[in-house]
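Residues: numbered from 1 along the sequence shown. Basis for what follows: all heavy atoms, side chains included, without hydrogens, waters or symmetry-related copies.
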Amino acid sequence: MNLANQVIDWLQLQSKLKKFKNVVIGISGGKDSTVVAWLCARALGPERVVGVKMPQGVQHDIDCADKVIKELGISDYEINVGKMVEAVNQELNIAFGMLPNQVTFNVPPRIRMTVLYAVAAALGGRVANTSNLSERTVGWSTKWGDGVGDFAPRADY
């Protein structure tokens with residue numbers, strides 16, 4: 001059995017054990033979210049996979065996410081996080097003055113994860129983490145942001 005089929009079997013088992021209706025994935029059109037969306041669609045059926053596009057203002061390459069959604073036949077939502085990010089950063093600037101880049105860089109992924117969990121709650125679903133082993137190993141993720149999910153199909157790969 002190849003690796004993809006092993007992950008698909010694992011996803012089917014998770015769905016049965018945790019009894020979730022839908023899988024919610026932040027879809028950027030990049031390779032990480034595309035692979036996870038493909039695996040989930042193969043394991044559970046495209047009707048149970050929801051892609052959430054979350055541009056921060058204008059996203060010039062959002063057509064990549066649209067292509068993935070169309071190709072996989074999954075449903076989608078677009079929730080622009082630009083004003084949310086701006087509001088949080090503005091309030092932090094009022095409270096603390098000029099902020100280090102690390103602070104402002106980590107706000108968008110945390111807001112995106114909040115949005116994904118809100119969508120998952122509304123749909124009776126679970127959030128799929130799209131991170132991979134190399135990102136996890138070197139700590140290339142935002143705590144309580146893109147490093148979070150109810151399950152992580154690529155965490156060991």
Applying salt bridge (charged side-chain N to carboxylate O under 4.0 Å, His left out), name anything that partners [X], two or more places apart in sequence or on another chain.
X	value
Arg154	Asp32
Asp66	Lys53
Asp150	none

Please check if [X] and [Y] belong to a single hydrophobic cluster, counting links between Ile, Leu, Val, Met, Phe, Trp and Tyr side chain heavy atoms closer than 4.5 Å.
X	Y	answer
Val115	Ile74	no
Tyr117	Met54	yes
Val35	Trp10	yes
Leu3	Leu44	yes
Leu39	Val68	yes

Measure across [X] and [Y] and return the closest heavy-atom pair with its distance rounded to 0.1 Å.
X	Y	result
Ala37	Ile27	CB-CD1, 3.7 Å
Gly73	Pro46	O-CB, 3.5 Å
Met113	Gly145	CE-O, 2.9 Å
Ser28	Cys64	O-CB, 4.5 Å

Would you give me the side-chain donor-acceptor pairs under 3.5 Å for residues 80-88, sequence neighbours excluded?
from, atom 1, to, atom 2, distance (Å)
Asn80, OD1, Gly57, N, 2.9
Asn80, OD1, Gly82, N, 2.8
Asn80, ND2, Gly57, O, 2.8

Atom [atom1] of [X] and atom [atom2] of [Y]: how far apart are they, to the nearest 0.5 Å?
X	Y	atom1	atom2	result
Lys18	Leu13	NZ	CG	9.0 Å
Gln12	Cys40	CD	SG	11.0 Å
Gln14	Leu17	CD	CG	6.0 Å
Asp63	Ile69	CG	CD1	11.0 Å
Lys21	Arg126	NZ	CZ	13.0 Å
Asp76	Ile25	CG	CD1	12.0 Å

For residues 98-111, run the donor-acceptor check on the side chains, cut-off 3.5 Å, and write out each pair with its distance to 0.1 Å, sequence neighbours left out.
from, atom 1, to, atom 2, distance (Å)
Thr104, OG1, Asn101, O, 3.1
Asn106, OD1, Thr142, OG1, 2.9
Asn106, ND2, Gln102, O, 2.9
Arg110, NE, Lys143, O, 2.8
Arg110, NH2, Lys143, O, 3.2

Qualifying residue, where the test is side chain to side chain contact (heavy atoms under 4.5 Å, CB included) with Phe20 and the options are Val23, Asn22, Val24: Val23
Partner of Ser33 by side chain to side chain contact (heavy atoms under 4.5 Å, CB included), out of Thr130, Asp146, Val52: Thr130
Criterion side-chain contact (heavy atoms from CB on, under 4.5 Å) on Leu116 and Val119, from CA distance to verdict: CA-CA 5 Å; Leu116 289 178; Val119 171; 5.7 Å; no
Any donor-acceptor N/O pair, Arg112 side chain to Gly26 backbone, under 3.5 Å: no
Pairwise ring pair (Phe, Tyr, Trp, His ring centres under 6.0 Å) hits with a residue in residues 62-98, at least two apart: none
Whether over 12 other heavy atoms sit under 6.0 Å from [X] [atom1]:
X	atom1	answer
Glu71	CD	no
Arg42	CZ	no
Lys31	NZ	no

Val49 and Leu72: CA distance, side-chain angles, deciding distance, side-chain contact (heavy atoms from CB on, under 4.5 Å) verdict: CA-CA 9 Å; Val49 180; Leu72 295 177; over 6 Å; no
